[in-house]
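Structure record follows, encoded as structure tokens.
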There are 4 protein chains.
Amino acid sequence: MKMTKRELDTAKTREILIESAENLLQQKGYEKMSVSDITKASGVAKGTFYNYFNKKEEIIFELNKRHMNGLSNKIKSLSVDDPSISIRRYLVDFLQIIVNSKVNLARQWVRFVAASSNTEKWQYDNELLQKLIKGLIKSERLKPNTPVNELSILLTTEVYGIIFSWCITPETIDPVKTINSFCDLQLNSLIEPYVNK
Amino acid sequence: MKMTKRELDTAKTREILIESAENLLQQKGYEKMSVSDITKASGVAKGTFYNYFNKKEEIIFELNKRHMNGLSNKIKSLSVDDPSISIRRYLVDFLQIIVNSKVNLARQWVRFVAASSNTEKWQYDNELLQKLIKGLIKSERLKPNTPVNELSILLTTEVYGIIFSWCITPETIDPVKTINSFCDLQLNSLIEPYVNK
Amino acid sequence: MKMTKRELDTAKTREILIESAENLLQQKGYEKMSVSDITKASGVAKGTFYNYFNKKEEIIFELNKRHMNGLSNKIKSLSVDDPSISIRRYLVDFLQIIVNSKVNLARQWVRFVAASSNTEKWQYDNELLQKLIKGLIKSERLKPNTPVNELSILLTTEVYGIIFSWCITPETIDPVKTINSFCDLQLNSLIEPYVNK
Amino acid sequence: MKMTKRELDTAKTREILIESAENLLQQKGYEKMSVSDITKASGVAKGTFYNYFNKKEEIIFELNKRHMNGLSNKIKSLSVDDPSISIRRYLVDFLQIIVNSKVNLARQWVRFVAASSNTEKWQYDNELLQKLIKGLIKSERLKPNTPVNELSILLTTEVYGIIFSWCITPETIDPVKTINSFCDLQLNSLIEPYVNK
DNA sequence: GATGAATGAGCATTCATTCAT
DNA sequence: AATGAATGAATGCTCATTCAT
């Protein structure tokens with residue numbers, strides 16, 4: 001499916017706006033990044049922003065979507081491995097994405113998620129994990145009586161806690177290392193009763 | 001140490017300002033709470049706020065100080081008990097304080113802590129835990145080779161993660177219950193190697 | 001005079017634009033009705049509006065023209081009747097047209113007419129009345145010394161006042177009833193000296 | 001009751017804002033007069049406007065209040081005169097006030113009153129007239145069976161119609177002359193049945 | 001210490017209009 | 001003739017902070 005030159009142009013403008021916003025978000029934070037900042041950095045007129053987004057807020061959702069894309073695709077391939085390994089791999093991937101996007105962006109994300117009782121993001125992440133666990137049950141890697149819900153909540157909470165702590169003391173916390181040591185120490189004993197050998 | 005009537009008056013004004021700010025913070029969040037809101041709610045003139053605080057931001061620090069007061073006093077009494085019990089008690093107390101202050105205030109706290117690389121708060125909480133663990137070592141409840149630092153970081157991270165998750169989905173997460181089940185499942189096995197029997 | 005298919009299409013587009021504008025004018029008022037609103041409601045692109053009208057304002061003139069069309073045709077047939085009856089009939093028709101177009105549209109009309117010293121509309125209405133009175137003189141229903149100008153101004157003023165009052169308190173004023181009682185009470189005595197019996 | 005220097009200053013600022021607004025309203029109309037225009041013309045900062053008025057709209061009410069002040073005080077003194085004379089005097093005064101305030105201001109007033117179904121102003125004017133008529137009944141200048149309501153509505157409608165027409169064609173209409181000739185021709189015959197001789 | 005008027009930068013958002021395709 | 005992306009001026013309003021009284 002080809003794009004006309006015009007469609008290409010608008011896609012490009014959209015892209016530039018999103019990238020500029022990402023940079024600014026990292027530098028200044030959501031509240032201090034004005035729409036004007038974004039358009040100036042993008043080299044377009046202020047009004048142009050509103051040709052692509054209805055509200056300033058919308059650009060945050062956009063950024064999230066991009067970052068977490070791909071993760072959900074991996075779920076399937078992970079579902080057939082050894083549970084302890086595949087869960088670890090998933091958690092590490094998740095945190096790696098966050099780490100890659102720089103700590104300031106993560107901070108904004110924390111602030112945004114915590115601000116309004118904006119449940120969606122948490123729910124989404126929780127459901128991805130549930131999908132993974134259910135996949136492992138289906139492929140008979142885990143027993144049918146595995147407490148899917150409790151397990152996914154526990155793991156999401158763990159991951160969120162790590163991100164949060166990382167935001168606060170990035171020098172002290174290495175998210176990937178932390179999640180690995182969590183897996184070493186606790187994950188195995190948590191899932192052991194439900195693993196099919 | 002006595003206060004003159006004048007000193008009492010100004011102490012009272014300060015008190016009222018802080019209380020009003022706490023209420024408003026809960027209702028509206030930091031950004032949407034204006035200095036004007038605070039002074040109106042306190043029944044004083046707008047300018048009066050600046051007789052007590054240099055910047056709007058300052059009042060947040062004040063609030064934090066108050067909430068976590070008292071907790072540090074308990075440390076000593078806890079240091080002589082059974083490690084698993086005393087650590088659990090401390091963590092439960094910590095979360096109980098947060099829960100008591102309502103979810104909206106916790107949200108603001110999360111937002112604030114995450115915003116600037118405001119390390120202080122995290123450090124402070126982490127140090128309290130270290131004090132507790134060191135106390136337990138001193139009273140020979142825990143072995144000298146207990147990895148104080150790793151353990152305190154792990155526990156702080158856990159607690160912060162729970163608070164964060166609670167802010168996002170208060171219906172799903174009961175912080176006290178969650179920390180208890182964390183202690184049941186994981187705390188014991190974590191500290192077991194270091195417990196003096 | 002036939003239209004080609006193309007001419008028909010463009011005539012239709014024009015029509016749709018005008019109709020959409022009329023609806024929106026009623027609902028939102030002139031200032032709050034954007035060109036974008038009009039084109040969206042019409043199912044055409046924003047730019048299309050400017051193929052048919054030079055400025056947003058122009059569409060108002062268009063609407064006015066349409067509404068008052070037809071009224072001028074009746075003048076001739078009315079000119080040969082009993083003066084008191086034909087003038088009353090004319091005034092009632094006039095107000096009926098306004099009433100039919102809903103009070104919100106009338107309000108916009110009032111606002112528009114009052115805004116700029118937009119004399120045209122008033123002049124036009126006044127001249128129609130003069131035509132009627134002159135017709136009645138010509139058909140010898142009224143005497144030649146009838147003060148055409150004074151009379152038409154007086155009547156136009158009366159009618160405009162009723163519309164205006166109706167816009168303000170539509171519950172209190174029934175335009176048609178009001179004009180009828182005006183005719184009952186005052187019209188007869190006003191024109192009596194000039195009626196040929 | 002004295003005013004402190006400070007109170008005097010704020011009263012003065014308020015005054016200047018209102019005066020500037022009145023001038024601008026006359027020149028540009030409500031929509032095209034920005035808050036910025038008002039404050040610039042007043043020589044104060046933009047924010048200052050909002051120390052005195054909550055919304056831009058509020059200044060219109062303020063202006064109306066001022067213009068119509070005084071009229072209501074006259075009611076009492078008029079109530080004891082010959083009905084036809086006192087009513088005429090009242091109507092002439094009313095229109096004189098409008099005429100004095102320049103046609104462009106009257107236009108804005110018409111636009112404003114017609115915009116929202118802003119009934120208040122009409123009601124207020126209608127009630128003033130009712131007060132006058134009731135006063136005349138009380139002082140036995142008019143009979144008790146005078147149809148107060150019908151009469152006041154009829155007269156308010158008449159006056160509003162004249163103002164409206166004047167806004168549209170100020171060259172054609174002289175409001176005071178028009179109301180006088182209305183009184184000559186119609187008022188007497190309207191109230192005659194109810195006058196006590 | 002208390003007051004509250006004044007400040008003015010700052011912001012999100014709207015919208016009529018243009019114009020290259 | 002139709003499109004719709006781009007424009008950028010304009011606007012109402014907020015608010016932390018200052019400072020003369």
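No experiment lies behind these values; they were computed from the predicted model shown. A note on names: the letters A, B, ... follow the listed sequences, proteins ahead of strands, and every chain is numbered from 1.
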| request: Report the stems of DNA chain E as range-with-range entries sorted by first number; a stem here is at least three consecutive pairs, Watson-Crick or G-U wobble, both distances under 3.5 Å, and write none if there are none. | output: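 Consecutive-pair runs (3 or more) involving DNA chain E: E:2-21 with F:2-21.
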Using whole Å, report how far [atom1] of [X] lies from [atom2] of [N].
{"X": "D9(D)", "N": "dA20(F)", "atom1": "CG", "atom2": "C1'", "result": "11 Å"}
{"X": "R14(A)", "N": "dG4(F)", "atom1": "CZ", "atom2": "P", "result": "16 Å"}
{"X": "K40(C)", "N": "dG4(F)", "atom1": "NZ", "atom2": "C1'", "result": "12 Å"}
{"X": "L17(C)", "N": "dA1(F)", "atom1": "CG", "atom2": "P", "result": "13 Å"}
{"X": "F49(A)", "N": "dA6(F)", "atom1": "CZ", "atom2": "C1'", "result": "15 Å"}
{"X": "I16(A)", "N": "dA6(F)", "atom1": "CD1", "atom2": "C1'", "result": "13 Å"}
{"X": "Y52(A)", "N": "dA6(F)", "atom1": "OH", "atom2": "P", "result": "3 Å"}
{"X": "K12(D)", "N": "dA6(E)", "atom1": "NZ", "atom2": "C1'", "result": "16 Å"}

| Cation-pi, F49(A) ring and K56(A) (6.0 angstrom, 45 degrees) |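 Checked: cation-pi criterion not met.
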| request: Please determine, for the side chain of T13(A), which listed nucleotide (dA5(F), dT7(F), dA6(F)) has the closest atom? | output: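 So the nucleotide nearest the side chain must be dA6(F).
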| field | With E22(A), the side chain to side chain donor-acceptor pair (under 3.5 Å) member among Q27(A), R66(A), H67(A) | value |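 Of the listed options, the one satisfying the test is H67(A).
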| query | Side chain of S42(C), backbone of I38(C): donor and acceptor closer than 3.5 Å? | reply |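 Checked: pair present.
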| Is a side-chain N or O of Y52(C) found less than 3.5 angstrom from the main chain of A11(C), in a donor-acceptor match? |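 No, because the side chain of Y52(C) does not come within donor-acceptor range (under 3.5 Å) of the backbone of A11(C).
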| task | Using only heavy-atom distances, determine whether the side chains of D37(C) and S34(C) contain a donor-acceptor pair under 3.5 Å. | result |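 Yes - a donor-acceptor pair under 3.5 Å links their side chains.
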Listed pairs, N/O of protein and of nucleotides 14-16 of chain F, under 3.5 Å:
{"from": "dA16(F)", "atom 1": "OP1", "to": "K56(B)", "atom 2": "NZ", "distance (Å)": "3.1"}
{"from": "dA16(F)", "atom 1": "OP2", "to": "V35(B)", "atom 2": "N", "distance (Å)": "2.9"}

